[in-house]
Amino acid sequence: MTKGFIFDLDGTVYLGDEIIDGAAEAIGELKKRGDKVVFLTNKSISTRMDYVKKLGALGIPVSIDEVINSNYITAKYLEHHLNPGEKVIVIGEEPLIKELEEQGIPFTSDPKEAKFVVVGWDRQFNYEKLDLAYQAWLNGAKIIATNPDRTCPMPNGQIPDCGGMIGAIEGTTGVKVDYITGKPSSFLATYVLNETIKLPGSQCYMVGDRLETDIRMGNENGINSVLVLTGITTKEMLAETEYKPTHVFDSIKGLVTI
Ligand SMILES: [Mg+2]
């Protein structure tokens, strides 16, 4: 029976710029036996092509169709939810803007014209952008964010991620943003199963190192969940979590036993 493997990247396949021991061999073996593979990242400040290049350089050849990031899934979400003539305000960095542009999403900078405000990780986020989002929201725009991650792991610690921008907006509006498109969203899970892997969730495995995104998305969407202990999650965190994975492996290497 063909299986589908949905891989998180950082902490699962590599750590920063270093491949996790045995990752290339394990992924190669799964592909050789005919299983389907897709890579999924919440990080919105790189393009999908950046990941194709990075994985290739680490000895994991992939095509762009096998990489989905939160920018791409946000474009797909907007494609499904925008009516002709409706426009979006984008608060985010160049890779997000470029991806939405490539998928034909119409932009505006007028808060009276926006149907959606899209918020991604933005290292130039400021008061003016916050006010723009707020004015659009007051005019009835829905606010969607690329990913819920509060921080992003870096070689020397962690830095603020999209969660910081979401917090500023929610602190201003007093309510939660309308939707978050990246992991663990059901829109993303459904898209990957139906459009990319094209297998039922019961034949698929969501493999990742983060309980509240990777494992949660698997559990809430009928996909087997696999925790690898090469990233952010410790055995202590696993013991306490409400998001219990279906399988736990010390590293991605263990996957070939599934
Ligand atoms: Mg990860």
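Note that ligands are numbered from 1 as they come in the structure, with each ligand's atoms numbered from 1 the same way.
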Can you find a side-chain donor-acceptor pair between S44 and S70 that sits under 3.5 Å?
no

Write the atom name of the N, O or S atom in D209 that is nearest the Mg ion (ligand 1).
OD1

Within the side chain of D10, is there an N or O that forms a donor-acceptor pair under 3.5 Å with the backbone of G16?
yes

Single hit among I223, V226, N224 for side chain to side chain contact (heavy atoms under 4.5 Å, CB included) with M206:
I223

Just give me the atom name: the N, O or S atom of D10 closest to the Mg ion (ligand 1).
O

Can you tell me which N/O/S atom of D8 has the shortest distance to the Mg ion (ligand 1)?
OD2

Indicate whether the side chain of N139 and that of Q135 have a donor and an acceptor atom separated by less than 3.5 Å.
no

